[in-house]
Number of protein chains: 2
Amino acid sequence: MSQAKRNDSINSPIDQRKIPNAVVKRLSLYSRALHQLESERAEKVSSTKLGEMLGINSAQVRKDLAYFGQFGVPGFGYPVRQLRENLKRILGTDREIRVALVGAGNLGRALLSYGGFRREGFKIECGFDKALQETAESESGIPIYPIEELERRIEELQIDFAILSVPNEAAQGLTDRLVGLGVSGILNFVPIRLSVPDHVQVHNVDLALEMESLAYFLT
Amino acid sequence: MSQAKRNDSINSPIDQRKIPNAVVKRLSLYSRALHQLESERAEKVSSTKLGEMLGINSAQVRKDLAYFGQFGVPGFGYPVRQLRENLKRILGTDREIRVALVGAGNLGRALLSYGGFRREGFKIECGFDKALQETAESESGIPIYPIEELERRIEELQIDFAILSVPNEAAQGLTDRLVGLGVSGILNFVPIRLSVPDHVQVHNVDLALEMESLAYFLT
DNA sequence: TAGATTGTTAATCGATTAACAATC
DNA sequence: TAGATTGTTAATCGATTAACAATC
């Protein structure tokens with residue numbers, strides 16, 4: 001499942017602590033805040049400032065970062081640019097990550113054109129859809145292939161991750177195919193639990209669930 | 001919240017236990033699993049079975065449900081239909097909830113047509129977009145109004161919730177307007193922290209963050 | 001009654017926060 | 001040196017799980 005064995009260059013050799021998933025998510029938040037600070041020409045930032053920007057306790061900021069090394073300078077804070085570089089490397093987003101989208105329905109096609117992924121270094125190479133007889137194209141010019149070409153294209157394009165937005169019934173079967181092709185991460189928009197081998201990560205985005213649990217607090 | 005009180009205790013505000021957000025999210029999961037069981041004509045389900053369907057410990061299932069009352073029968077399990085009805089009522093989704101979407105860009109327009117919300121009893125009444133001079137329409141026939149009509153339409157349609165998918169810079173300002181109009185829940189797709197009064201709930205859906213934290217586990 | 005399963009308490013596990021010596 | 005802020009330990013808080021008497 002979630003393992004912490006990462007680049008030895010970052011952790012000290014002995015340090016094989018398991019990093020909680022919550023920490024990893026915050027890493028990504030820090031990276032984004034740092035990006036903003038960079039654009040504001042800030043050279044340093046304290047854990048207090050960074051925490052305030054994100055609504056996170058400063059002790060937690062320090063602790064999270066300390067999992068991965070000593071990035072800060074006592075009495076000074078953290079060097080903005082350097083810290084962000086480190087975080088990107090730790091997260092593995094210091095290089096382009098190739099993504100395929102499976103299921104180009106309404107939501108799928110929107111995700112193909114969604115700018116937020118690209119901004120963080122993800123490149124959506126192509127989409128797949130069952131309904132297609134021949135190759136189509138998204139609004140933003142990304143090719144959408146018939147699902148029959150899944151195997152061929154995924155290998156050809158060396159896809160790392162998949163975004164899954166297909167009907168419930170099709171989700172597990174397609175997941176199995178994707179996993180078989182070496183896809184190691186799945187951003188899953190289908191509201192069912194996917195079975196995957198331990199080395200594959202699935203993050204679920206359950207829009208209806210978010211909405212419904214919001215309703216609980218309606219006055 | 002008002003649903004949190006137990007029947008054996010004196011009705012005082014102090015008595016109301018605070019329900020953890022994690023519990024509320026699971027309630028929604030239970031509701032969906034129950035829906036599936038109903039369609040399979042199951043009349044009862046045990047905490048063990050329900051837990052297995054969702055990857056949740058059975059003790060947790062029982063504890064979550066017990067927050068809200070005694071729904072189960074020892075030696076038997078939980079009556080499917082009845083439990084689901086109770087959960088929908090507790091969640092507040094036993095009636096139609098009216099939603100407006102603010103920001104009909106790529107993602108926004110897809111959410112307008114996304115079936116998952118409707119399935120849980122949410123009705124997206126309309127969308128708003130800044131770029132429009134006059135009323136347009138989504139693929140699925142939902143009207144999209146120029147942002148100038150926000151005040152008028154939200155009040156007219158008695159909107160409960162908003163889905164926010166606008167550029168970062170516009171998010172806080174529009175949030176303030178929505179809150180001023182009595183919107184009490186926001187499903188926020190904008191990757192910034194929104195300030196809202198205590199009585200307003202915000203759930204953040206951060207797609208880029210989900211993707212980036214996925215990358216951490218790439219082998 | 002025998003078997004099953006709840007509701008609940010107690011034990012465990014994990015995550016957050018406070019505090020502070022070490023450091024620049 | 002004086003002031004600021006880190007990294008880290010200890011304390012707290014909260015959430016999950018195990019266990020079991022009560023109940024059908």
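Order of the sequence lines sets the chain letters (A, B, ...), proteins ahead of strands, with each chain counted from 1. The structure presented is a predicted model; accordingly, all values stated were derived computationally and were not measured.
- Taking all atoms of both residues into account, the shortest heavy-atom contact from A:Ile159 to A:Ala100 is CG2-N, 3.6 Å.
- Each of B:Lys63 and A:Arg26 was assigned the nucleotide of DNA chain C with the nearest heavy atom; the assignment lying further toward the 5' end belongs to B:Lys63.
- B:Asn57 places a side-chain N or O within 3.5 Å of a backbone atom of B:Ala59 that can act as its donor or acceptor partner.
- The side chain of A:Arg62 lies closest to C:dA19, out of C:dA19, C:dA22, D:dA18.
- The nearest whole Å value for the distance from the CD1 atom in B:Ile19 to the P atom in D:dA15 is 11 Å.
- Residue B:Ser47 is in sugar-phosphate contact alone, with no base atom involved, counting any heavy-atom pair closer than 4.0 Å across all strands shown.
- Atom C1' of nucleotide D:dT6 and atom CZ of A:Phe71 are separated by 13 Å, given to the nearest angstrom.
- Side-chain proximity of B:Gln70 to the nucleotides C:dT8, D:dT8, C:dC24 is greatest for C:dT8.
- Listed here is the closest heavy atom pair of B:Leu178 and B:Ala162: CD1-CB, 3.8 Å.
- Between D:dA4 and A:Tyr78, no contact under 4.0 Å exists linking OP1 or OP2 to a side-chain N or O.
- Between A:Ile56 atom CD1 and C:dT17 atom P the separation is 9 Å, expressed in whole Å.
- Under 4.0 angstrom from either OP1 or OP2 of D:dA15 there lies no side-chain N or O belonging to B:Tyr67.
- In plain terms, the two heavy atoms of A:Gly185 and A:Val200 that are nearest each other are N-CG1, 4.4 Å.
- In terms of position along DNA chain D, the nucleotide closest to A:Phe76 lies nearer the 5' end than the nucleotide closest to the other residue of the pair A:Phe76 and A:Ala59.
- Put simply, NZ on A:Lys44 is 9 Å from C1' on D:dT5, counting in whole angstrom units.
- When heavy atoms are screened at a 4.0 angstrom cut-off, A:Thr48 is found touching no nucleic acid atom at all.
- In the set C:dT5, C:dG7, C:dC20, C:dT5 carries the atom at the smallest distance from any side-chain atom of B:Ser46.
- In this model, the phosphate group of D:dT16 is approached by a side-chain N or O of B:Gln60 to a distance below 4.0 Å at OP1 or OP2.
- Of the candidates B:Lys44, B:Arg81, B:Met53, B:Met53 is the only one forming a side chain to side chain contact (heavy atoms under 4.5 Å, CB included) with B:Leu37.
- Here the side chain of A:Ser31 pairs no donor or acceptor atom with the backbone of A:Leu27 at under 3.5 angstrom.
- Note: CG (B:Leu50) to P (C:dG7) measures 12 Å, nearest angstrom.
- Here C:dA15 presents its C1' atom at 16 Å from CG of B:Asn21, a figure rounded to the nearest Å.
- B:Arg193 pairs by the salt bridge (charged side-chain N to carboxylate O under 4.0 Å, His left out) definition with nothing, not counting sequence neighbours.
- Stem regions for DNA chain D, each three or more consecutive Watson-Crick or G-U pairs with both distances under 3.5 Å and listed by first number, read C:3-24 with D:3-24.
- Atom pair A:Asn57:CG and D:dA11:C1' shows a separation of 14 Å (rounding to whole Å applied).
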